[in-house]
Amino acid sequence: MSDNPSFVLKGILDVEIQQKPVPEIGANEVLVEVKKTGICGTDVHFLVHGSVGDFIVEKPMVLGHESAGVVSKVGSSVTNVKVGDRVAMEPATTCRKCEACKEGRYQICPDIVCAATPPTDGTLARYYRLPSDLAYPLPPNLSLEDGAMMEPLSVAVHAVSSLGALRSNQSVAVFGCGPVGLLCMAVAKALGASRIIAVDVIPDRLEFAKAYAATDTFLPPSMDKGESEVTFSMRNAHAMKEKLGIAEHGPRAIDLVLDASGADVAIQTGILIAKSGGTFVQVGIGNPDITIDMFAVLCKELVVRGSFRYGPGDYPLAIALVASGRVDIKSLVTHRFPFTQACEAFEITRNGKSPDGKGVIKVMISGPDVDINEV
């Protein structure tokens with residue numbers, strides 16, 4: 001079989017729809033007919049730059065990894081799902097044998113294979129193959145679009161719950177009000193955070209964040225001419241503390257800081273506003289070489305953690321939070337496109353708004369021959 005239209009990145013800013021062979025599945029695998037796929041910032045980064053960090057596109061690669069679909073075929077040993085089941089797709093397979101996998105940290109398996117991470121093809125195709133235990137059945141009250149949103153939501157669950165260990169009545173600050181930052185706020189709210197501070201340089205994003213999940217917002221001042229990033233971050237942290245009444249200790253202190261922007265000054269500021277004994281989690285991808293105040297990390301005994309994708313339990317918790325109504329993901333999908341207009345979908349994601357001026361949060365692409373209104 002070769003009826004598998006796929007959205008292929010051939011080179012920088014060079015994409016086209018190509019026919020690919022339909023994947024053959026093993027005994028413990030399933031073949032999913034992909035119905036909905038969200039565009040992630042890493043997809044756009046690969047399109048525009050041809051790389052993300054050490055991951056470099058050296059040959060044509062199918063894009064996409066935020067997907068959901070319907071099980072089309074199951075392997076002979078599969079028992080957890082059946083043909084016709086609607087599933088969210090966790091798009092990364094691991095060796096299941098190494099130390100990291102056995103410790104329950106499979107996201108750092110040295111042999112992990114991730115969709116749309118070079119050289120592995122992604123999910124923007126009619127069919128995608130994956131191990132059956134990474135296909136999560138969707139409750140009846142969740143749509144296939146909801147299922148596609150489980151991937152970025154699981155990133156947020158991993159950062160806030162699994163790594164940040166947020167507890168009820170704690171305070172959180174989130175830098176960056178893109179999809180992952182907003183979802184981090186939503187997870188924090190669902191887990192009982194008493195205060196959620198949203199930080200961004202775009203006022204419209206802050207306005208949305210306040211209506212969505214944040215209790216407070218902060219718009220950083222402009223950087224002065226000739227001012228260094230470190231000096232600006234110190235000034236920014238001071239302004240943030242003064243305006244929002246943030247303390248170093250006690251009930252006005254910030255227990256958990258998450259950076260979902262990747263911006264140097266956001267990371268620097270976040271470390272400065274975190275409370276003594278607090279936690280800082282890096283979620284966003286940015287410049288690998290930045291200066292941080294290690295003296296602050298040392299003296300405050302900060303826990304500084306990197307957050308890489310998602311691990312055991314993150315997808316099930318994400319599904320449960322949405323199914324129970326504790327996290328709203330529907331309002332984040334701002335634009336929808338048919339598969340044949342995937343190029344346009346990526347273009348407006350790059351631009352941050354559509355030609356009508358509407359701001360982009362999450363763009364959803366339907367699978368081949370799937371109506372954009374089909375749920």
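Computed from a predicted structure; not experimentally measured.
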query = Would you find a donor on one side and an acceptor on the other, under 3.5 Å apart, between the side chain of N4 and the backbone of P23?
reply = no

query = Are the side chain of N141 and the backbone of A323 linked by a donor-acceptor contact shorter than 3.5 Å?
reply = yes

task = Check whether any side-chain heavy atom of E90 sits under 4.5 Å from a side-chain heavy atom of M150, and report yes or no.
result = no

remark   = On a heavy-atom basis, the closest approach of T279 and V281 is CG2-CG2, 3.9 Å

Test item: side-chain donor near acceptor, N236 and S233, under 3.5 Å = no

ask   = What distance do T215 atom OG1 and L244 atom CG have between them, rounded to the nearest 0.5 Å?
value = 9.0 Å

key: D146 side-chain N/O to S143 backbone N/O, donor-acceptor pair under 3.5 Å   = yes

Heavy-atom pair of closest approach, residues L9 and F46 = CD2-O, 3.6 Å

query = Salt-bridged, D204 to K353, with N to O below 4.0 Å?
reply = no

ask   = Is there a side-chain contact between V87 and Y136, using heavy atoms and a 4.5 Å cut-off?
value = no

query = If only atom types and distance count, is the side chain of K300 paired as donor or acceptor with the main-chain N or O of A274 below 3.5 Å?
reply = yes

key: Identified salt bridge (Lys or Arg N to Asp or Glu O under 4.0 Å) partner of E145 from the options K330, R86, K35, R336   = R336

ask   = With no hydrogens and no angle check, is any side-chain donor or acceptor of R195 less than 3.5 Å from a backbone partner on D216?
value = no

task = Would you tell me whether S162 and D314 have side-chain atoms, one donor and one acceptor, within less than 3.5 Å of each other?
result = yes

query = What heavy-atom pair brings A237 and L272 nearest, and what distance separates the two atoms?
reply = CB-CB, 3.7 Å

inquiry  = Using a strict threshold of under 4.0 Å (side-chain N to carboxylate O), is an ion pair present between E207 and K210?
reply    = no

ask   = Can you list the steps and then say if I329 with L183 is a side chain to side chain contact (heavy atoms under 4.5 Å, CB included)?
value = CA-CA 8 Å; I329 52 176; L183 288 169; 3.9 Å; yes

query = Shortest non-hydrogen contact from A198 to L206?
reply = O-CD2, 3.5 Å

request  = Would you indicate whether the side-chain heavy atoms of I348 and P355 approach each other to under 4.5 Å?
outcome  = yes

key: Interatomic distance, I273 atom CD1 to I246 atom CD1 [nearest 0.5 angstrom]   = 4.5 Å

key: Joint hydrophobic cluster, I17 plus V57, side-chain heavy atoms closer than 4.5 Å   = yes

request  = Report the C-alpha distance between H65 and T42 in whole Å, list the side-chain angles of each, state the deciding distance to 0.1 Å, and finish with yes or no for side chain to side chain contact (heavy atoms under 4.5 Å, CB included).
outcome  = CA-CA 10 Å; H65 60 272; T42 57; 3.2 Å; yes

query = Would you call the rings of H49 and H45 parallel, tilted or perpendicular, where under 30° means parallel and over 60° means perpendicular?
reply = tilted

ask   = Any side-chain heavy atom of V70 within less than 4.5 Å of one from V32?
value = no

note = On a heavy-atom basis, the closest approach of V30 and S132 is CG1-CB, 3.8 Å

ask   = How many angstroms lie between CG in N351 and CZ in F346, if you round to the nearest 0.5 Å?
value = 13.5 Å

query = If only atom types and distance count, is the side chain of D43 paired as donor or acceptor with the main-chain N or O of L63 below 3.5 Å?
reply = no

message = I'd like to know whether D121 forms a side chain to side chain contact (heavy atoms under 4.5 Å, CB included) with S6, so could you lay out the CA-CA distance, the side-chain angles of the two residues, the decisive distance to 0.1 Å, and finally the verdict.
response = CA-CA 9 Å; D121 282 338; S6 307; over 6 Å; no

ask   = Is the backbone N or O of G284 less than 3.5 Å from a side-chain atom of Q282, with the two atoms forming a donor-acceptor pair by type?
value = yes

ask   = Roughly how far, to the nearest 0.5 Å, is CE of M89 from CZ of R129?
value = 12.0 Å

ask   = Just wondering, do Q107 and P312 contact through their side chains at under 4.5 Å, heavy atoms?
value = yes

task = For the residue pair K362 and T334, confirm or rule out a side-chain donor-acceptor distance under 3.5 Å.
result = no

request  = Output yes when R126 and D369 qualify as a salt bridge under the 4.0 Å nitrogen-oxygen rule, no when they do not.
outcome  = yes

request  = Begin from the C-alpha positions of F280 and D259 and carry the test side chain to side chain contact (heavy atoms under 4.5 Å, CB included) through to its verdict.
outcome  = CA-CA 8 Å; F280 177 92; D259 176 62; 4.0 Å; yes

Heavy-atom side-chain proximity of I202 to C177 below 4.5 angstrom = no

query = Looking only at atom types and distance, does a side-chain atom of S171 sit under 3.5 Å from a main-chain N or O of I254, one as donor and one as acceptor?
reply = no

ask   = How long is the span from the CG atom in D111 to the SG atom in C101, to the nearest 0.5 Å?
value = 8.5 Å

remark   = d(L317 CG, L153 CG) to nearest 0.5 Å is 8.0 Å

query = For E99 and K102, what are the C-alpha separation, side-chain angles and deciding distance, and is it a salt bridge (Lys or Arg N to Asp or Glu O under 4.0 Å)?
reply = CA-CA 5 Å; E99 183 179 40; K102 289 183 177 181; over 6 Å; no

query = Q268 side chain to T291 main-chain N or O, any donor-acceptor pair under 3.5 Å?
reply = yes

inquiry  = Check whether S324 reaches the backbone of L321 with its side chain - one donor and one acceptor, N or O, closer than 3.5 Å.
reply    = yes

Close side-chain approach of P5 to D3, heavy-atom, < 4.5 Å = yes

query = Do N28 and S77 come within less than 4.5 Å of each other through their side chains, counting heavy atoms only?
reply = yes

ask   = Which of parallel (below 30°), tilted (30 to 60°) and perpendicular (above 60°) describes Y310 and Y315?
value = perpendicular

